[in-house]
Every structure is written in structure tokens, then in C-alpha cells.
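Working notes, beginning with the structure itself.
In this chain, numbering begins with 1 at the start of the sequence shown. In this text the structure is predicted, and so the values were computed from the model without any measurement.
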Amino acid sequence: MNKKEKISLIRNIGIMAHIDAGKTTVTERILYYTGKSYKIGEVHDGEAVMDWMTDEQERGITITSAVTTCPWRNNIIQLIDTPGHVDFTIEVERSLRVLDGAIAVFCAVGGVEPQSETVWRQADKYKVPRIAFINKLDRVGSDFIGTVEMMKEKLKARPLILQLPIGAEEKFSGVIDLVSMEQITWNTESMGATYERRPIPPELADTAKNYRDMLIEGVADFDDTIMEAYLAEAPVDEKTIVAAIRKATIGLAIVPVLCGSALKNKGIQPLLDAIIQYLPSPMDVPPMKGIHPVTSESIAFPTRDNGPLAALIFKVSMMEGRKLSFVRIYSGTMKTGEEVYNPGLQKKEKLSRLLRMHANKKERIEEAGAGSIIGVVGLKDSSTGDTLCHAAHPVLLEKMEFYEPVISIAIEPKTHADQEKLDEVLQKFIAEDPTLRVKTDEDTGQTILSGMGELHLEIIISRMLREFNTNVNVGKPQVVYRETIGADAEATVAFDRDVAGQHHFTEVTLSLSPRKRGAGNLFRSEVSPDIIPDIFLPFIEKGIMDSFASGAFMGYPVMDVAALLVGGSIRESQSTELAFTVSATMACREAMTKASPFLLEPIMDVEILVPDSFMGEVIGELNARGGKISFINAKSGIQEISAIVPLSKMFGYSTTLRSATQGRGTFTMRFSHFDRMEK
């Protein structure tokens, strides 16, 4: 980015929503109307620019978040189109971590759907200001006001209606802009590229005035000038309203609501205007904070090109076999060929190339400043969540949290040639996707691949073949269980033996007790430092945590257990770190076998949308799978069923649901919690 393009003209925006709400369709229109694409790519034709992976085109869904940059009214919009499917929720999480604002797309028929809630909570977590775009107003059963009410009810949001739809379903023809008090209609012959602003028709004037009054009332809370005008019933000019909406949006107090039909090319240009008017530039968000890797003092980084470098790698992708790192620069400038420092690894890395991204197409640039989102080639060791800075000004930005996988499959190479490639290919996938785990089963020698869901693993297997020409046999999906204990237990173990020519001795007494579900594992000591010096406690804790990694019951990770050090003994010069670690591991395993261990299984939140006539069959099927119905919500002609079901009972459910509802039922599933496995 050249120096003349001010940081205040940048908007780093993500598009997020439930699967099928129309995120990618909205993005394709944005690319077309900003001149970034010369034609509109349709998801259903497999031609969407942002869905460039073969698997995305075949399935008609977004799998990986794609980055692009496009101009609008002298501003630069850096846009990330994120997936809607729950299996790829990490893509949304890491995108929101580096974005300044987001557009939440809602389907006017489905309203606020389960994955919409998930991504909304993720945006809350990172304090990302949002605009809502209610899409698909041309569809049968669309309900603009109903969707706004669902935003209040399900998301606890404070929506501020800025536009009203003109007409409904097939009669939807345009929108009323309540800020400028004009009617906007789109020219169908120009694919919606041209549009007209005209006075509001007399038959809609009263409705528009009522909603305009509600808009003024909504922003009056955040602006004294508007409050005075509202109380005096005096007119308020457009510029003042826009400034007040911007301030309240950036302050996370309100969510401006716009509407349209992306597929019918209506509503996109005002959405682009709203991105510029209401969502923050990098200058408007609080300075990024990090800690000094040595002194641990907090350091703030205001957004400026001439400040010290602070950048975060939020995604790693393998494109054409090469490692490409996606980086958000918070402060300072990066230049092609320069050295940067990774304080987490304490290593220097070279920036071989800097790239401005447009989905899978790349444009080389010489330098990038604060506020930029770019691709970097040449970072050998750095990975997702790592900080890049200069060695003279080291800083660690907050790490990203990743979800634990809930489902596993066993894979084995089909040929000897595949065997040689498999490890290398898996390492590339792990570098790309932090929610993917790979381990070798010591009993069978099989490679176990764990991920966020059946589709997640299916895509990985498909990409192995397509991108890396690696064939594997796939075993049946297996659930990733956990273990815990049901009772208190105690064990004493002495470690007394010669190892590598030295005698080691310690004795450790541990007491284990169960904790509340979801409370996590805990270690503490009740032993006086005179008996076991504090210096040895970290090694006892390491032994316990090593033991928790593979339970004594069936070898699954242990959760929600408190381990208490209640006794022990040492011998001068013979009590070593190794002896403490080993004796703690052995005592912990012995205590676990006495503490009534049992299995915990992953329980999923399942949301099903099904036509009224198939409701009985679907509920019967859920009951047969051990599901518990949470609630049933009636929509127009459709029932929304919410249930919790053990993951082990959900394999193959998509096929069962399709056949039971003649292909008309849909469902989404997300991890809820671990609970005791029923016999």
C-alpha cells in the first residue's frame, strides 16, 4: 500500500453467517460492483471467485476463509469471506481475531440460525463491531421484521433498522433508506450495477416516517444533539445521524440493519456505503496490546506505519505446494526481503515475498503498512497464532485459542509410494489447520486423524488425493472420548532404583477427587516445603499431567480431576527431578484405577429444520438415537427441532434425514459438552 492511501480509508471486514444464508453470493456482488470481478460468479454454478477450491465448488459451500481487497469510493475494503458450516468454525474464529468489523448475513426465511449464533458469539468475544444484512427478501416465506425480532431474542443484540424492504417475496423491488428518506430501486438490465434514488411513494410515507422516528429515537441515546432535537421534535440532518450511528456501532452499542437480495442484485451498493460509513478503520479500534517476552510488561501498539512492527499470523495455507502465511499488520511496516523476528520461537525469518491477495490469485507488493492484511511467502518455521516483530522491539501478541477435535478416523496408505508421502502431507495439513490432530495408535500402528466433524475429515481426505495425489484407506469414524473419575482415591508410590548409573529415590502420596463437569484438571500441594521442597512441585505436576494425557481406564485423556499432593519423602542427593516425575505419574495412575473411572462422550447440539408433515418421523428417529428434545419452534410450514444427542449416535444421520424427509430436511450439529457415557 503506498503512503498516500491513508490508514483511515482502510476497512478490514469479514462476512459471517449460517451456511446457506448467502455470504459468498453477497461477496461475489461486492467484487462485481467494486470492479474487482468482471462478471458475477454464482455459488450454485461452482463459479464463485472466493470459493476457489475444487471441494468448495463441488459442494457449493465455503470451506476456507478467502481474503481479497477491493476499492469503493476512494476507500480500500479488505474482505474475508468465512465458512458457514460448523465444522470449519475455526476459520471464522481466526478471521474475526484480526478483523476490525463484520457483516452478519441473515436469511430472511430462516432468520437467526444456529451457526449465526455461534459466529455472533465469536464476534462478541473479539469485540468486533457489526452491520447486519438481511438477505433473500425475494424468497417465499421471507420475513424482515421477524428476523430483526429474532436478532433481539436469540442474539441479545440491539438492531437499528436503517432500511425497509419495498414489497415482499416475488414482489420485493427495492428498499427505503431511512437515513436519507429516499426510495432505492435497482436496474435489472444492468445486473443491478445502476440504481435510482427517488422520493418515497405516498403509500409508504407513513410507514417510513414511523420507522425514521424509531431510528432517531434509537441513536438519540448516543448523541446529545440528536437527543435535544428528538425531544424538541426538530429535524435532524443526515450527516449528524450518520456520525451518531457510526459512533454507536463502533462502540458495540447497536447493530445497523440493512436488507436486500444478493442473488437478485439488490441492496449491495448501500451495504458497501454502510461499511465505509459505519464500520471502523484500523485507526478507530483500540490499539493492539501485547506483552514483552522477557519482562512481561504490557505494550500498546497504536496503528501507525512509523511505529515498531507488530503483526500476527492468523492463517497458514498451502498453495501450489508452497507455504503462504496470512498476516495482519497492526503497527509498523513490512518490506520484501527484510528480516523479522518471531519471539515465540526466538527465531529470525526472512520475508521473501509480500502479496496482496484476491482469493487464490496473488499480486506482488514491495511493502505493506499498518492496517494491511497480506500474504507472506518465506516464513519457514512460523505458524498460525505467531507474532512477527523486530528483534529490537520484541512483543508477543495474544495467542489464538483452538477447539479440541471430537471425531477421529483411522487412515492407512494404499501403496508404498503413498506411505512415503503421507507423513509429509499430514504435516502440511496440520500447519494449515490447528483443529486437526494426528497421532499413531501404539497398539495397531494405525495413523489416527482427528477433526471437528465428518465433513471436516471428508474434505481433508479429498484434498489429500486432489492436491497431493496421496491415496489412503479410511476406517470408520471413531468418537474421541474422555475419561474421568467418580470417587475420591489415594495412592502412595515410591520410586527407588538405579537409572544410568545413578540411584534415584522419592515417595509421593496423591489424593484424586472428581471436579464439576467442564471445570478442568487441577494440581495443588498440601505438603510442607520442609518435607518436599517447592522446587520439585513442577516435576510432580508434570508427572500428573502426563498421566492425565492417557487415562488408566481405556487410555483416553482425563478431564475434570483434582490431584492433591498429601504426602511424600525424599533422600538427600537421591531425590531427583526424574524420580519425582515418574513417582507422580505412577501414583496418579494407581489412584485413578481405584477412583471408579468412567468414560465421557461428546454430546452435540443438533438443530433440525423439517417440513411439518415429516415431524413425527424425525422425532422418532432422534429418540431412537438417544436424543433429548430441548424445544420445538414452529415457523411458517417448517418446524425447528433442537435436541442434544451423543455424537456416537449421529453417524450417517444426514442420509437418514434426507430419506425420511424426501430430501427436504436439513440439520446442523455443534459440540456442546462431554457427559457420562450411557451403557
In terms of heavy-atom contacts, does NE2 of H393 have more than 12 from other residues, nucleotides or ligands at under 6.0 Å? no

Worked check of side-chain hydrogen bond (donor to acceptor under 3.5 Å, both in side chains) between T585 and D546: CA-CA 7 Å; T585 303; D546 286 351; 5.1 Å; no

Side-chain donor or acceptor of S550 paired with backbone N/O of Y556 under 3.5 Å: no

With a 3.5 Å distance limit and no angle check, can you tell me whether R246 reaches the backbone of L279 through a side-chain donor-acceptor pair? yes

Does the pair M151 and V257 meet the rule for a side-chain contact (heavy atoms from CB on, under 4.5 Å), with working shown? CA-CA 10 Å; M151 286 177 65; V257 179; 4.3 Å; yes

Between N521 and D560, is there a donor-acceptor pair closer than 3.5 Å when you use the side chain of the first and the backbone of the second? yes

Only one of I373, L354, I313, V340 clears side chain to side chain contact (heavy atoms under 4.5 Å, CB included) with V327; which? I313

Looking at G520, is its backbone amide N or carbonyl O close enough to the side chain of R515 to form a donor-acceptor pair, meaning the two atoms are under 3.5 Å apart? yes

I134 CD1 to C107 SG distance, which is reported to the nearest 0.5 Å: 10.0 Å

Is the closest side-chain donor-acceptor distance between S382 and N342 under 3.5 Å? yes

So, the side chain of S642 versus the backbone of E607: is there a donor-acceptor pair under 3.5 Å, distance only? no

Hey, what do you get for CG (L272) to CD1 (I77), rounding to the nearest 0.5 Å? 5.0 Å

Could you tell me the separation between the CD1 atom of I254 and the CD1 atom of I131, rounded to the nearest 0.5 Å? 10.0 Å

Quick one: does any side-chain atom of D284 pair with a main-chain N or O of P282 as donor and acceptor, under 3.5 Å? no

Pairwise distance CG(D273) to CG(L258) - rounded to 0.5 angstrom: 9.5 Å

Closest heavy-atom pair and its distance - P293, L396: CB-CD1, 4.0 Å

Tell me, with the steps shown, if L271 and I103 meet side-chain contact (heavy atoms from CB on, under 4.5 Å). CA-CA 9 Å; L271 176 62; I103 303 164; 4.2 Å; yes

Is there a side-chain contact between I485 and L512, using heavy atoms and a 4.5 Å cut-off? yes

Is it true that a side-chain atom of T581 and a backbone atom of E577 form a donor plus acceptor pair closer than 3.5 Å? yes

With distance as the sole test, does Q346 use its side chain to make a donor-acceptor pair with the main-chain N or O of P343 at under 3.5 Å? no

Do the non-hydrogen side-chain atoms of L309 and I329 ever get within less than 4.5 Å of each other? yes

Are any of the side-chain heavy atoms of I276 and R11 separated by less than 4.5 Å? yes

Going by the angle between their ring planes, with limits at 30° and 60°, are F314 and F326 parallel, tilted or perpendicular? tilted

Taking all atoms of both residues into account, what is the closest heavy-atom pair of A370 and T303, and its distance? CB-CG2, 3.7 Å

Going through the checks in order, is the ring-ring contact (aromatic ring centres under 6.0 Å, His included) test met by Y330 and F301? CA-CA 7 Å; Y330 289 101; F301 288 89; 8.8 Å; no

Basic-acidic side-chain contact under 4.0 Å: R130, D124: yes

Compare all side-chain heavy atoms of L351 with those of L379 and state whether any distance is below 4.5 angstrom. yes

For residues I448 and V438, determine if any side-chain heavy atom of one lies less than 4.5 Å from a side-chain heavy atom of the other. no

Check whether any side-chain heavy atom of L324 lies under 4.5 Å from a side-chain heavy atom of V377, and answer yes or no. yes

Is N12 close to I10 at the side-chain level, that is, under 4.5 Å between some pair of heavy atoms? yes

Working note: D223 + K247, criterion salt bridge (charged side-chain N to carboxylate O under 4.0 Å, His left out); need CA distance, chi angles, decisive distance, verdict. CA-CA 9 Å; D223 189 285; K247 182 182 167 192; 5.7 Å; no

Counting only N and O atoms by type, is there a donor-acceptor contact under 3.5 Å from the side chain of T336 to the main-chain atoms of E366? yes

Nearest 0.5 Å, what's the CE-SG distance between M334 and C389? 10.0 Å

Can you tell if the side chain of E349 reaches within under 4.5 Å of the side chain of K380, non-hydrogen atoms only? yes

Is it the case that the side chain of H390 and the backbone of A392 share a donor-acceptor pair, with hydrogens and angles ignored and the cut-off at 3.5 Å? no

Please round to the nearest 0.5 Å and tell me the distance separating atom CD1 of I7 and atom OG of S281. 8.5 Å

Passes salt bridge (charged side-chain N to carboxylate O under 4.0 Å, His left out), D221 versus R158? Steps please. CA-CA 12 Å; D221 291 346; R158 186 169 174 178; 2.7 Å; yes

Carboxylate-amine/guanidinium contact D100 K127, below 4.0 Å: no

Using the side-chain contact (heavy atoms from CB on, under 4.5 Å) rule, take D386 and L312 through it: C-alpha gap first, then chi angles, then the decisive distance, then the call. CA-CA 6 Å; D386 284 359; L312 183 79; over 6 Å; no

Report the C-alpha separation of I245 and L160 in whole Å, then their side-chain angles, then the decisive distance to 0.1 Å, and conclude whether the side-chain contact (heavy atoms from CB on, under 4.5 Å) test is met. CA-CA 9 Å; I245 296 171; L160 185 75; 4.0 Å; yes

